[in-house]
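Comments concern the structure below.
A quick note: this is a predicted structure, and the numbers were derived from the prediction, not measured. Below, chain A is the first sequence line, B the second, and so on; all start at residue 1.
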Amino acid sequence: MREPRVLRFFQLWPQTGAEPLGDVGFRWLSGCCALLVPLLIWAIFVQLLYYSLPTIKTFGLGFLFSQTWNPVTQEFGAASSIFGTLISTLIAMLLAVPLSMVIALLLVELAPPWISRVIGTLIELLAAIPSIIYGMWGLFVFAPFMADYVQPALGHTLGFLPLFQGPPMGIGMLTAGIILAFMILPFITMITRDVFTLVPPVVKESAYGMGSTTWEVTYKVTIPYGLVGVLGAGFLGLGRALGETMAVTFVIGNTHRISASLFAPGNSIASCLANEFAEATEPLYVSALIALGLVLFIVTYLVQVLSQILLRRMYRAWSVGL
Amino acid sequence: MKKTLCLALTLAFILGVFGLAQAEAMKINGAGASFPYPVYSQWAHKYKDLKEVEVNYQSIGSGGGIAQIKAKTVNFGGTDKPLKLEEQKESDLLMFPMLIGGIVPVVNIKGIKAGELQLSQELLANIFMGNIKSWDDPAIKKANPDLKLPKQAITIVHRADGSGSTWLFTHYLSQISPDWKAKVGYGKVVSWPTGIGAKGNEGVAANVNRVMGGIGYVEYAYAIKGNLTYAKLENQAGKFVAPSIESFQSAAAYADWKNAPGYFMVLTNQPGDNTWPIAGATFILIHKTQPDVKLAKAMLEYFEWCFKHGSDIATQLHYVPMPEEVVKMVEASWTQEVKADGQPVWQ
């Protein structure tokens, strides 16, 4: 069933005159344009791999597990950057996903239409702010706020956990994660809202007709219906958070060290690249930075693939009509 | 009537185009260190008004400047990190100093004003090494008996991006502390024993200003413009000095340029009672064999103008111009080394 269609797609000339030339031309044009995307991804991957070879040869797999990053002695390890990327993204997801789900529910279920429209537009505006602005705001406004109020309070109440120990400096892993959460919040919220509006009114109305309260309809109808979409939205946000550069660079503290405390400074792959690429001159140093880029490329790719697989599974298992 | 008007307009247009072409004839391109960029851009602006020679300078960082001049994509490169004579020879380059600046430690301690805190060589190294952790440490108190130092943790703020400032600062620490030299060393990016990293001078300044007990290092011009609380440092002669144009000039004057092959000179830890210990020169790189006589001559004329008439602009922006003897030496090297078609460009 599938094969003939694929074959027909790549047929340059119509065989029995069944198809007009314009259709064939359009098919080829669109096919070539679409082919650019996989070619580009492939080319980027090959380039990254090629220039990472000196690093891979010198450090081997140890590159991924070593915490040393010393340009003076030319010893490089990616562990602290990978750790920082994953932890800051994790904090961002933990905050942004539940928050955006609640906001989306308010927009769809609770708020009067005009309020919902105003808030919706504001959230879209939030998505349009360039990341450097988030970074500057994070450094000059949000970090002092964290240092003066949030971190002392957290240290006071939850200070027995190693997560919240250390001097409140304002910048560090926690601040970076929260800024990231602000940045991905609009994306997740907008998609989640659209997913929730797609829940068929008939289903909701029947639930109301059976005497359900708003809470029950939300909890038992809207959320289960939209959960697959919410997860998809979450993965989109995740992809963005993994690669976010400027905002993180400003507030993460930029130190090649792994610490248990979220108050401590750390770094992420993207922030390390932004800081050090311009002035890196030694070949091995440049290669190590490119290898970091390769790691980020692979991590992002794996996340996308995993999310696709997961989504398809859930979609089939729940067989909801979305 | 109409025809004459048309003709006149066309003539005017053609003349205008030729005029423009002539005015645009000379364009000199440079790229490199960001540290001297404020001065270079002012100089270029003023020089264009005087001589109709356009000098473009892109501040892309020292590493970028060296790479660009080696690849011959620019006419001159700028760098804060001097190249050794062998490396200059390898790429047929001539390097000479252009300006002097200094790196200044800045602090944020409650009740301490600019210039009040004094740091000896040992203290500075131990603080950045992470050996001294609090401002009320007996060692700091002993060096500053008149100051009331609070019980406050020390937070180091360093540059996160590759930077000539870091190069100078760590180069100085390596000279005064064998421990630092062995464990950390010097470079544009180093593996700092402790502290947080910030992007650019402004990032370091913002973090030091906010974190109580913070200490960092910035370029002098930045410390003055940002009104930061700088500390006095102990120099090689054992005297405590404040950063100023005079104390940088003293570092340049005591420097033995005559015996510095290829002008390879790092102005950290120079002798002299008034010398600021962490001064540094920023350099220009040009090719010894110039492809175009006219352009080469225009470029050297521009540099000569910068040396002789650019001092006011430099001083206003808190940079130090080169001493006169050094300028004479540099011009002598131009005559000797820079050639086009086998003939010396500069007489």
Side-chain angles (χ1 to χ4, degrees), chain A residues 67-77 80 132 135-136 138-148 166-173 175 245-257 259 263-267 271-282 285-286 288-289, chain B residues 32-34 59-67 70 79-81 83 133 152-167 170-171 174 180-200 202-207 209-214:
Chain A
Q67 222 194 113
T68 320
W69 185 271
N70 193 337
V72 180
T73 55
Q74 299 279 300
E75 284 171 88
F76 302 102
S80 68
I132 183 105
M136 305 286 270
L139 179 61
F140 291 111
V141 182
F142 190 66
F145 174 76
M146 289 289 289
D148 294 344
M169 291 186 293
I171 58 177
M173 206 58 102
T175 312
T245 310
M246 276 334 277
V248 174
T249 308
F250 272 87
V251 294
I252 199 164
N254 302 308
T255 308
H256 290 275
R257 218 171 294 133
S259 359
F263 291 179
N267 77 342
S271 73
C272 173
L273 288 177
N275 276 324
E276 298 182 20
F277 206 85
E279 285 284 323
T281 33
E282 298 86 353
Y285 191 8
V286 176
L289 287 168
Chain B
S34 51
S59 79
I60 55 172
S62 300
I66 295 169
K70 278 187 181 168
T79 175
D80 297 337
K81 182 191 147 187
L83 295 186
K133 293 189 162 61
Q152 177 93 54
I154 297 177
T155 305
I156 308 290
V157 183
H158 56 78
R159 288 283 287 269
D161 45 339
S163 146
S165 312
T166 304
W167 194 89
T170 52
H171 187 272
S174 298
W180 181 276
K181 194 174 181 182
K183 287 186 186 150
V184 186
Y186 62 91
K188 282 181 287 188
V189 181
V190 299
S191 176
W192 293 90
T194 172
I196 54 177
K199 199 166 164 49
E202 58 276 25
V204 171
N207 277 303
N209 266 344
R210 210 191 45 247
V211 180
M212 270 308 214

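- Other residues, nucleotides and ligands place no more than 12 heavy atoms under 6.0 Å from the NZ atom of B:K181.
- Across all their heavy atoms, A:T255 and B:G197 have their closest contact at OG1-N, 3.9 Å.
- In terms of heavy-atom proximity, B:A206 sits nearest to A:L139 at CB-CD2, 4.3 Å.
- Taking chain B as the reference chain and counting heavy-atom pairs below 4.5 Å, the highest number among A:P265, A:G172, A:A278, A:P144 is found for A:P144.
- To the nearest 0.5 Å, the span separating CZ on A:R257 from OG on B:S191 amounts to 7.5 Å.
- Listed by chain and number, the residues in a side-chain contact (heavy atoms from CB on, under 4.5 Å) with B:T166 are B:R159, B:S163, B:T170, B:W192, B:Y217 (sequence neighbours excluded).
- With a 4.5 Å cut-off on non-hydrogen atoms, A:M136 does not touch chain B at all.
- The part of B:V184 that comes within reach of chain A is its backbone (N, CA, C, O), which places non-hydrogen atoms under 4.5 angstrom from that chain.
- In A:F142, the CZ atom is crowded: over 12 heavy atoms of neighbouring residues, nucleotides or ligands sit closer than 6.0 Å.
- Only the side chain of B:T155 comes within contact range of chain A, with at least one heavy atom under 4.5 Å from a heavy atom of that chain.
- Heavy-atom pairs under 4.5 Å with chain A were tallied for B:I66, B:I60, B:N207; the largest tally goes to B:N207.
- Of the inter-residue distances, the one linking B:K199 atom NZ with A:I252 atom CD1 reads 14.0 Å to the nearest 0.5 angstrom.
- A donor-acceptor contact shorter than 3.5 Å links the side chain of A:E279 to the backbone of B:S62.
- A:F140 touches chain B through its side chain: at least one heavy atom from C-beta onward sits under 4.5 Å away, while N, CA, C and O do not.
- Counting heavy-atom pairs closer than 4.5 Å to chain B, the top residue among A:S271, A:P71, A:C272 is A:P71.
- When every heavy atom of B:V189 is checked against every heavy atom of A:Y285, the shortest pair comes out as CG2-OH, 3.4 Å.
- For the residue pair A:N254 and B:A160, the shortest heavy atom distance occurs at CB-CB, 3.4 Å.
- For B:V211, the part sitting under 4.5 Å from any heavy atom of chain A is the side chain, from C-beta outward, and nothing else.
- With sequence neighbours excluded, the residues satisfying side-chain contact (heavy atoms from CB on, under 4.5 Å) with A:A274 are A:T245, A:T249.
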